[in-house]
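Structure record follows, encoded as structure tokens.
Below, each value reflects all heavy atoms present in this structure, side chains not excepted, and no hydrogens, waters or symmetry copies. The chains referred to below are lettered A, B, ... by the order of the sequence lines, with proteins before strands, and numbering in each begins at 1. Keep in mind the model is a prediction, meaning the values are calculated, not measured.
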Amino acid sequence: MEQQGSSTSAGRGKAEKEFVKEITPQSVDYSQWYIDVVLKTELMDYAPVKGCMAIRPYGYAIWEKIQQLLDRRIKDTGHQNAYFPMFIPQELLQKEAAHVEGFAPEVALVTKGGGETLAEPLVVRPTSEAIICDFYSRWIQSWRDLPMLINQWCNVVRWEKVTRPFLRTSEFLWQEGHTCHRTEEEAEKEALLMLGVYKEFLETEMAIPVIAGRKTEREKFAGALRTYTVEALMRDGRALQAGTSHNLGQHFARVFDITFLDQDGTLKYVWQTSWGVSTRLIGALIMVHGDDRGLVLPPRIAPIQVVIVPIISKKAREEVLAAARRVAETLQQAGIRLKLDDREEYSPGWKFNEWEMKGVPLRLELGPRDLEAEQVIAVRRDSGAKEPLPWAELPRRLPQLLEELQGDLYKRALQFQQEHTRSGADYGEFLQVMERERGFFIASWCGREECELKAKEESKATIRCIPFDREMEHENCLVCGEKAAHVVYFARAY
RNA sequence: CGGGGCGUAGCGCAGCUUGGUAGCGCGCUUGGUUCGGGACCAAGAGGUCGCGGGUUCAAAUCCCGCCGCUCCGACCA
């Protein structure tokens, strides 16, 4: 962003080059592009504490849309929201062996309160299985108390060494569902149901295509029986775990003593699940759709779907503003989230760039020339395509246009994902792909951890998942050549 | 946790080599003229030079320690 090309590109091509001077082009430095975007579009700001951030109003508005659209789905599938405490007695967290081992390195510990050393240190929740299981052991007595279907929206803390805004922060916001069931089958069904909800939500609302599948033993959640995941592909060819759903089996039930008296009169342990998505989704949104001018937001998630920029000139100032206000009012009544940018201290050109950077899907220009024709000029953020629209048609046409744009963003993202998904049985080719263009690499795997590790060491790529809907194409393991057991997606990941 | 880069006004940077009055552009404030792809003129405001210690008559500048951001690795849901 420091090199603005002001001297180098002063000659030809300057016009297209310099729309957004503040943002490093993706091709120059993708990581810097990402940082520039989150800061310049005011999604977040760094906090005085490492790995922490403020989510600014525009970023939080995106999170609120995610919450709103996902919360409805969580409730439609029978779950209720509740809230559990942030502090967990250390002893509780330590009950489940694999769970402690997984989280111990990144746990924040409170040892003092009110100026006195605490008798027992408190853990700041890195996830809430432990504290919720403690409650569940008391709340559940009978098979009639099942299923227990609870979700909570909250913050969690994981002391991270390497942090990146939204993608990996020491504190982040998420939702975590925690359910208890009578049978293993029912728990399994629940875990898969919620993974399906995530997939549908991501694809429908966020226009992010994902690969759904199961995690390997190595990659699964600390304490889970099985972990399911949806994986998205970013534009730099790296994968991002967008959501996970765990079948916890009876691991937690046994150590937290969550039992119920079944119909047959015997005492049984419950079968549990947990599942979550976080503010990381905002990072995915940025990296899947964004371009060199900044954010590109899918209309369904965009806090502002349409921005109206009146072209105010001296002669027609009042007429233009009045017309813009009328248009704004009709669109508001049509249920469109819009902003009328009638600030007079900024020029139209400045506003164009500003709102494009912020990813507003559609811009309507309304100037003196449009008064006569009773129209606006609609400009799409994704394609830049301009189209004159008569005022009378706006309430009907704009919702259509926004849906078209939503669909096009999904198609474009899906095409990118498909074009960056290779498959093969040649280990050398796999290494080369992971070194250069990256993306997904579909291959067969024998199922042994040593092959998984070897591939990781040599390619830096991990097995993202064992996909649900993909047949094995090759008989032999990509790494060792022995008989393969699974087809897997490899990728370098965030 | 290991290695590199960076930290001076809200943002981007110069000044540091060779110690001595803290500067530039953008932004901000006020007034005026403008407005179909980041307008222009004029007058202003704004800084514990990341933090702590040391050397010195004197430190943004030299030395030591720490913190933060960032990139590349290791680790990790």
Side-chain angles (χ1 to χ4, degrees), chain A residues 1-4 6 14-24 29-36 38-40 42 45-53 98-99 101-107 126-127 129 156-165 167-170 172 174 176 215 218-224 227 229 240-241 243-244 246 274 276-278 280 293-294 309-317 320-321 341-357 363-371 375-377 379 384 386 388 453 456-457 460 462 492-494:
Chain A
M1 69 197 142
E2 53 288 331
Q3 8 149 299
Q4 308 187 350
S6 49
K14 183 176 179 179
E16 314 100 64
K17 258 312 212 201
E18 299 189 348
F19 276 111
V20 182
K21 312 192 261 266
E22 299 93 335
I23 298 175
T24 305
D29 183 342
Y30 193 83
S31 297
Q32 192 58 51
W33 169 84
Y34 180 82
I35 300 294
D36 288 349
V38 296
L39 286 172
K40 299 290 162 55
E42 300 183 347
D45 196 10
Y46 289 105
V49 178
K50 177 176 163 60
C52 294
M53 62 175 181
H99 196 56
E101 202 191 324
F103 283 102
E106 45 187 9
V107 149
T127 177
E129 274 76 7
V156 289
V157 168
R158 298 180 188 180
W159 218 254
E160 297 288 351
K161 290 168 185 168
V162 179
T163 57
R164 288 164 71 79
L167 298 174
R168 175 174 275 109
T169 46
S170 296
F172 56 92
W174 74 347
E176 47 177 330
K215 284 289 187 189
R218 213 189 110 71
E219 300 277 333
K220 76 180 186 186
F221 176 74
T227 288
T229 180
L240 183 75
Q241 180 177 299
T244 48
H246 317 289
S274 66
V277 301
S278 72
R280 174 181 263 195
R293 293 190 191 182
V309 178
I311 314 298
I312 304 165
S313 65
K314 185 134 196 182
K315 317 113 226 172
R317 182 176 179 278
V320 165
L321 280 174
D341 188 354
D342 55 5
R343 293 175 296 176
E344 299 196 32
E345 62 271 31
Y346 293 103
S347 69
W350 193 92
K351 292 176 185 174
F352 296 167
N353 286 299
E354 175 76 0
W355 293 114
E356 279 173 8
M357 184 171 80
R363 173 176 81 239
L364 302 183
E365 302 174 17
L366 199 167
R369 296 206 293 267
D370 301 308
L371 290 176
Q375 64 173 21
V376 297
I377 306 296
V379 185
K386 295 190 178 185
L453 272 173
K456 187 186 171 181
E457 274 167 28
K460 291 171 191 145
T462 48
R492 289 201 186 177
Y494 274 98

Tell me: [atom1] of [X] to [atom2] of [N], nearest whole Å?
X      : N     : atom1 : atom2 : value
A:F103 : B:C76 : CZ    : P     : 13 Å
A:L371 : B:G36 : CG    : P     : 15 Å
A:E42  : B:C11 : CD    : C1'   : 11 Å
A:H99  : B:C76 : NE2   : P     : 17 Å
A:N353 : B:G36 : CG    : P     : 12 Å
A:Q375 : B:G36 : CD    : P     : 17 Å
A:F352 : B:A39 : CZ    : P     : 11 Å
A:K456 : B:G73 : NZ    : C1'   : 12 Å

Sort out the partner of [N] for me: Watson-Crick or G-U wobble, both distances under 3.5 Å, none otherwise.
N     : value
B:A9  : none
B:U61 : none
B:G27 : none
B:U48 : none
B:U56 : none
B:G73 : B:C1
B:U33 : B:A39
B:C16 : none

inquiry  = Looking only at the aromatic ring of each residue, does the gap between the centers of A:Y34 and A:Y494 stay below 6.0 angstrom?
reply    = no

Provide the distance between the two [atom1] atoms, one in [N] and one in [M], to the nearest whole Å.
N     : M     : atom1 : answer
B:C62 : B:G20 : P     : 11 Å
B:A74 : B:G3  : P     : 16 Å
B:U56 : B:A60 : C1'   : 16 Å
B:U29 : B:C13 : C1'   : 23 Å
B:G12 : B:G47 : C1'   : 16 Å
B:U8  : B:A14 : P     : 11 Å
B:G10 : B:A45 : C1'   : 13 Å

inquiry  = Both A:Y494 and A:P348 contact RNA chain B. Taking the nearest nucleotide for each, which residue is further toward the 5' end?
reply    = A:P348

task = Take A:E160 and A:W350, find for each the nucleotide of RNA chain B with the closest heavy atom, and name the residue whose nucleotide sits nearer the 5' end.
result = A:W350

inquiry  = With side chain to side chain contact (heavy atoms under 4.5 Å, CB included) as the criterion, how do A:R218 and A:L453 come out once you've worked through the C-alpha distance, each side chain's angles and the decisive distance to 0.1 Å?
reply    = CA-CA 9 Å; A:R218 213 189 110 71; A:L453 272 173; 3.7 Å; yes

task = List the steps and the verdict of ring-ring contact (aromatic ring centres under 6.0 Å, His included) for A:Y346 and A:F352.
result = CA-CA 10 Å; A:Y346 293 103; A:F352 296 167; over 10 Å; no

Mind checking if [X] touches a base, just sugar-phosphate, or nothing, with heavy atoms under 4.0 Å?
X      : result
A:K351 : nothing
A:G102 : nothing
A:P368 : base
A:V162 : base
A:R317 : nothing
A:E106 : sugar-phosphate
A:I377 : base

key: N-O pairing of A:E106 and A:K161 below 4.0 Å   = no

task = Determine: side-chain N/O of A:R343 to OP1/OP2 of B:C35, distance under 4.0 Å, yes or no.
result = no

inquiry  = Output one letter per nucleotide in nucleotides 66-71 of chain B: B when a protein non-hydrogen atom lies under 4.0 Å from the base, S when only the sugar-phosphate is that close, - when neither is.
reply    = --SSSS

ask   = Quick one: which of B:C76, B:G37, B:C35 gets closest to the side chain of A:R218?
value = B:C76

remark   = Among B:C75, B:C35, B:G37, the one nearest any side-chain atom of A:K161 is B:C75

query = Does the side chain of A:T24 come under 3.5 Å of the side chain of A:D29 through a donor N or O and an acceptor N or O?
reply = no

note = Sorted by chain and residue number, the side-chain contact (heavy atoms from CB on, under 4.5 Å) partners of A:T169 (sequence neighbours excluded) come out as A:M53, A:F172

Shorter than 3.5 Å, N or O on both sides, protein versus nucleotides 32-34 of chain B: list them out with atom names.
unit_1: B:U34; atom_1: OP2; unit_2: A:K314; atom_2: NZ; d: 3.0

query = Backbone N or O of A:F221 within a donor-acceptor pair of the A:T227 side chain at under 3.5 Å?
reply = yes

inquiry  = Could you check whether any side-chain N or O of A:D370 sits under 3.5 Å from a backbone N or O of A:G367, counting only pairs where one atom can act as donor and the other as acceptor?
reply    = yes

message = A cation-pi test, strictly: NZ or CZ of A:R293 under 6.0 Å from the centre of the six-membered ring of A:W33 and no more than 45 degrees from its axis. Yes or no?
response = no

request  = Provide the closest heavy-atom pair for A:A222 versus A:H99 in the form atom of the first, atom of the second, distance.
outcome  = O-ND1, 3.0 Å

query = Between A:L366 and A:V309, is a side chain to side chain contact (heavy atoms under 4.5 Å, CB included) present by the stated rule, with each step listed?
reply = CA-CA 6 Å; A:L366 199 167; A:V309 178; over 6 Å; no

Worked check of side chain to side chain contact (heavy atoms under 4.5 Å, CB included) between A:K351 and A:R363 = CA-CA 10 Å; A:K351 292 176 185 174; A:R363 173 176 81 239; over 6 Å; no

